[in-house]
Amino acid sequence: MKEVVAFMLARLGGNEKPSKEDITSILDSVGIKPDTDKLDALFADLEKLDCSVDEAIKNGMDKLAVIPSGGGGGGGGAGGDAGGATGGADKKEEEEEESESKSSSKAGGNLFGG
């Protein structure tokens with residue numbers, strides 16, 4: 001996958017037809033050693049394309065567009081606790097809000113007569 005990303009990065013940089021050496025130098029610049037088997041497989045697959053890389057990506061995106069991507073609904077939310085476990089937290093938040101409003105009026109120097 002890192003070889004594909006480096007290939008696309010080279011293309012984004014303006015190199016329309018990156019070579020294996022280009023890919024290797026990109027990966028080397030960030031301390032990653034490319035897998036030569038994967039690099040060879042990537043270029044073998046690119047040679048088999050009967051269209052440009054951009055067209056292949058567009059065609060792939062068109063194929064993915066017809067696949068339903070709706071989720072399975074996900075997990076349900078956690079059940080509510082009847083004991084009021086957050087009662088103390090609500091009170092603490094109110095105290096913080098009051099202290100913030102007091103400190104902000106001090107910092108403003110009663111700019112608006114408050």
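Here, residue 1 is the first one in the sequence, and each next residue gets the next number. Excluded from the calculations below are hydrogen atoms, water molecules and symmetry mates; all remaining heavy atoms, backbone and side chain alike, are included.
- Neither Val5 nor Leu39 shares a network with the other; the hydrophobic side chains, linked directly or stepwise wherever heavy atoms of I, L, V, M, F, W or Y lie under 4.5 Å apart, form separate groups for each.
- Note: Leu42 CG to Asp35 CG = 11.5 Å, rounded to the nearest 0.5 Å.
- Residues Met61 and Ile57 form a side-chain contact, since some pair of their non-hydrogen atoms from C-beta on lies under 4.5 Å apart.
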Evaluate the criterion side-chain contact (heavy atoms from CB on, under 4.5 Å) for residue pair Glu16 and Val53; output intermediate values, then yes/no. CA-CA 9 Å; Glu16 289 296 318; Val53 173; over 6 Å; no
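- Contact between Ser25 and Asp22 at its shortest, heavy atoms only, is OG-O, 2.9 Å.
- Each of Lys48, Glu3, Lys38, Lys20 was checked for a side-chain contact (heavy atoms from CB on, under 4.5 Å) with Phe43, and the lone residue meeting it is Lys20.
- Ile23 and Pro18 get closest at one heavy-atom pair: CD1-CB, 4.1 Å.
- Cluster annotation: Val4 and Val30 are assigned to the same hydrophobic cluster (Ile/Leu/Val/Met/Phe/Trp/Tyr, side-chain heavy-atom contacts under 4.5 Å, transitive).
- Between Asp62 and Lys58 a salt bridge is recorded (basic side-chain N to carboxylate O distance below 4.0 Å).
- Judged purely by atom type and a 3.5 angstrom limit, Asn59 uses its side chain to pair as donor or acceptor with the backbone of Glu55.
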Could you go through Phe7 and Leu46, starting from their C-alpha distance and side-chain angles, then the distance that decides it, and tell me whether this counts as side-chain contact (heavy atoms from CB on, under 4.5 Å)? CA-CA 11 Å; Phe7 179 84; Leu46 289 171; 3.5 Å; yes
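- Counting only heavy atoms from C-beta outward, the side chains of Pro34 and Asp28 approach each other to under 4.5 Å.
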